[in-house]
Amino acid sequence: MANAMLNLKGKRALIFGVASEESIAWAIAKQLHAAGATICLGYQQRFKSRILQLVRGGEIPVDFYERCDVTNEEELDNFFAAYDNDIDILVHSIAYANPETFAQPISGVSQAHFAEALVTSSYSVLPLVRKARPRLTRGASVITMTYLGGQRVVANYKLMGVAKAALEAVVRELASDVGPDGVRVNAISAGPIRTLAASQITGFDKMLEVYEAVAPLRCSITQSDVADLAAFLASDLSKNITGQTLFVDAGYSTLAMAELPGG
Ligand code: NAD
């Protein structure tokens with residue numbers, strides 16, 4: 001059998017989570033388009049003007065775009081009623097926690113903030129897949145975005161770490177649920193990248209400095225690094241990979257106490 005190539009021609013990608021040019025989801029859209037996929041977007045209404053700017057800017061053609069708050073059942077239904085096509089690639093690049101929670105000890109988090117963060121950041125991939133399921137093709141790939149704070153304690157990540165841990169567990173369960181239909185589900189665990197979401201985290205710039213100083217590859221991560229992995233996960237090159245959390249983090253997650261002060 002001939003080796004598969006990274007070729008997404010004829011595939012349709014539905015991408016949730018573009019809020020700005022800096023969004024990881026926008027970098028993924030550009031990379032999937034470059035590999036031949038048709039791009040469709042679901043966006044949160046409060047970012048509508050930015051989405052229109054991006055779509056009209058014409059950097060890449062966007063075949064379909066519609067509002068979709070993933071915590072709002074009616075918007076989800078309207079979105080999937082309007083979207084009338086197959087789905088080969090579904091990208092969930094969405095997270096939210098009340099900004100207060102990044103500065104609050106986890107023991108002080110309210111039930112309302114806990115529920116809001118987990119519904120938006122961990123649960124929401126489930127209704128997306130549920131609504132998309134009749135249109136998901138055999139061989140379809142679902143990709144979500146996570147962070148090391150879901151597996152280890154990272155300064156100032158707090159409640160979002162709990163949400164990412166839940167998301168990574170959801171990925172495993174969901175992969176097992178939809179696998180028999182030939183649908184794959186994976187999470188990308190990216191190193192820190194300066195985006196709107198990241199600007200909520202206190203000390204984010206210091207985090208980037210630490211990465212560049214100690215990550216095995218001595219660099220931080222860019223949106224396009226994440227988009228490269230997303231393109232691989234979207235393609236048939238990864239056809240037997242599912243239920244996984246894959247790191248693109250310059251190796252940071254492999255460290256425990258790699259160096260001692262003074263050598
Ligand atoms: P971003 O702010 O550009 O994207 C976050 C997106 O979540 C926005 O598009 C926003 O509209 C969307 N969103 C939030 N609540 C929503 C809702 N109710 N309905 C629909 N959309 C909603 O920031 P980003 O850094 O590109 O984040 C994308 C994903 O990557 C998130 O899951 C984030 O946790 C993850 N991630 C980010 C980093 C980083 O350092 N930036 C690292 C690892 C993982």
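Order of appearance sets the numbers: ligands from 1, and atoms from 1 within every ligand.
If you check which protein heavy atom lies closest to atom 13 (N) of ligand 1, you get Q44 OE1, 3.4 Å. Atom 19 (N) of ligand 1 has V70 N, 3.0 Å as its closest protein atom, hydrogens excluded (heavy atom only). Scanning all protein heavy atoms for the shortest distance to atom 35 (C) of ligand 1 gives M145 CB, 3.7 Å. The single protein non-hydrogen atom nearest to atom 2 (O) of ligand 1 is A197 N, 3.0 Å, given as residue, atom name and distance. Ranking the protein heavy atoms by distance from atom 25 (O) of ligand 1 puts T195 OG1, 2.5 Å first. Protein heavy atom at the shortest distance from atom 37 (C) of ligand 1 is I24 CD1, 3.6 Å. Scanning the protein heavy atoms around atom 9 (O) of ligand 1, the nearest turns out to be G17 O, 2.8 Å. With hydrogens left out, the protein atom closest to atom 43 (C) of ligand 1 is T146 O, 3.2 Å, a heavy atom.
No part of N72 comes within 4.0 Å of ligand 1, judged by heavy-atom distances. With a 4.0 Å cut-off on non-hydrogen atoms, F47 touches ligand 1 through its side chain and not its backbone. The proximity of I94 to ligand 1, defined as any non-hydrogen pair under 4.0 Å, involves the side chain as well as the backbone. No part of T144 comes within 4.0 Å of ligand 1, judged by heavy-atom distances. Of all the heavy atoms of T120, the ones lying under 4.0 Å from any atom of ligand 1 belong exclusively to the side chain.
Here is the list of ligand 1 atoms found below 4.0 Å of a heavy atom in P192: 40 (O). Residue-ligand proximity, G191 to ligand 1, at heavy-atom distances under 4.0 Å covers atoms 40 (O), 42 (C). Heavy-atom proximity to A19, at under 4.0 Å, picks out these atoms of ligand 1: 8 (C), 9 (O). Using a 4.0 Å cut-off to heavy atoms of S23, the atoms of ligand 1 that qualify are 1 (P), 3 (O), 26 (O). In the vicinity of A190, heavy-atom distances shorter than 4.0 Å reach the ligand 1 atoms 42 (C), 43 (C).
Counting heavy atoms from C-beta on, the side chains of N7 and D236 never come closer than 4.5 Å. Two residues are said to be in side-chain contact when any heavy atoms from C-beta on lie closer than 4.5 Å; L76 and L128 meet this criterion. Contact annotation: the side chain of L8 approaches that of L6 to within less than 4.5 Å [non-hydrogen atoms, C-beta and beyond]. No side-chain heavy atom of Y65 sits less than 4.5 Å from a side-chain heavy atom of V18.
For Y211, the OH atom counts as densely surrounded, since its 6.0 Å shell holds more than 12 non-hydrogen atoms of other residues, nucleotides or ligands. Dense packing is recorded around CD of Q45, with more than 12 heavy atoms of other residues, nucleotides or ligands lying under 6.0 Å away.
With respect to K11 and D86, no salt bridge is recorded, no charged nitrogen being found less than 4.0 Å from a carboxylate O.
Contact annotation: S20 has no heavy atom less than 4.0 Å from any atom of ligand 1. Assignment of C68 to the shell around ligand 1 is supported, since a heavy atom sits closer than 4.0 Å.
The shortest N or O to N or O distance between F204 and ligand 1 is not under 3.5 Å.
Atom 32 (O) of ligand 1 has its nearest heavy-atom neighbour, among K164, E22, E21, Q45, in K164. With S93, G42, A25 as candidates, the residue nearest to atom 28 (C) of ligand 1 on a non-hydrogen basis is S93.
Grouping the Ile, Leu, Val, Met, Phe, Trp and Tyr side chains by contacts below 4.5 angstrom, directly or via other members, places I94 apart from Y147.
Between the side chains of T195 and E22, no donor N or O sits under 3.5 Å from an acceptor N or O.
Heavy atoms only, all atoms of each residue included: L255 and A215 are closest at CD1-CA, 4.3 Å.
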(Q) For a side chain to side chain contact (heavy atoms under 4.5 Å, CB included) check, start with the C-alpha distance between I188 and L246, then their side-chain angles and the critical distance, and finish with the verdict. (A) CA-CA 5 Å; I188 296 178; L246 290 97; 5.5 Å; no
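Using bins of under 30°, 30° to 60° and over 60° for the plane-to-plane angle, the ring pair Y157/F102 lands in the tilted bin. Ring orientation note: the planes of Y83 and F80 are nearly perpendicular, at an angle over 60° on the 30°/60° scale.
Note: Y43 and F79 fail the aromatic proximity criterion, with ring centroids not under 6.0 Å apart.
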